[in-house]
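The structure under discussion appears below in the form of structure tokens.
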Amino acid sequence: MSKTQELFREDSYAKSCEAEVLGINDLGGIILDRTVFYPSGGGQPGDTGSLKRADGSQIQISTTVHESDRRTIVHVPAEGSAVLEIGEKVQCVLDWDERYAHMRVHTALHLLCAALPYPVTGGSIGNGKGRLDFDIPDAGLDKDALSEELNKLISQDLPVSISWITDEELETQPELVRTMAVKPPMGIGKVRMIAVGDVDLQPCGGTHVANTREIGTAQVSKIENKGAHNRRVRIVLS
Ligand SMILES: [Zn+2]
């Protein structure tokens, strides 16, 4: 099965696209030639939405995942959905409100990385909220001070930009890799780098807003102690 063209990598604001059904996997998952649906990964949930058929009927997509080859994207239909034909043309339509909420939280977490310059050991993105786990030996983090720092960064209207470097370039600059738990997606020869103004630069395959002003107001809702070296920082957007 050939690799799915990932339209969301270059344009995270693409809400729909025309596509052709290339295959249906053993579990009923739908493989298209191109898609705007982000597959679950890097702490960001897989997109939901629908596939519209030529006759006007719709297949609801309950989540999106990667095939084990990490190159093919699988759209998981809601249980009981009609089965699409190979070669059929469909229109992919994202559940945009949910995806945009993920984009805002995801970008806010990059700024949290900028505010807390420590190794990241894990993270999760939800609808309007998210968290990162940091390897920080000492406690003493202040929720309110961190919220203030975060909102100061957001209010600078920082642009988010995409660039690509080679696997070799990344290997010679290991300091660019912030997330110890999630290895950057290497193996295709190049790695996508995300810059938020000049405050954060790291390899990332997720979807982001174009400017930090779109995040709105962020609040650090909780800082939890998850072991001697692990602080879990939760944020909520309003
Ligand atoms: Zn990211």
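Counting starts at 1 for both ligands and their atoms, in listed order. The basis for the numbers below is simple: all heavy atoms, side chains too, and nothing from hydrogens, waters or symmetry mates. Numbers for residues simply follow the sequence, beginning at 1.
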ask   = Side-chain contact, heavy-atom cut-off 4.5 Å: Val120 with Gln202?
value = no
key: Heavy-atom side-chain contact between Leu112 and Leu146 under 4.5 Å   = yes
remark   = Checked the Zn ion (ligand 1): protein N, O or S atoms closer than 2.8 Å come out as His106 NE2, His110 NE2, Cys204 SG, His208 NE2
ask   = Mind checking whether Trp96 and Tyr13 have parallel, tilted or perpendicular rings, split at 30° and 60°?
value = tilted
remark   = In this structure, CG of Leu109 is separated from CD of Gln44 (nearest 0.5 Å) by 10.0 Å
pair Ser238-Gln219: side-chain heavy atoms closer than 4.5 Å = no
message = Looking at Glu224 and Arg234, is there a salt bridge between them, counting it only when a charged N and a carboxylate O are closer than 4.0 Å?
response = yes
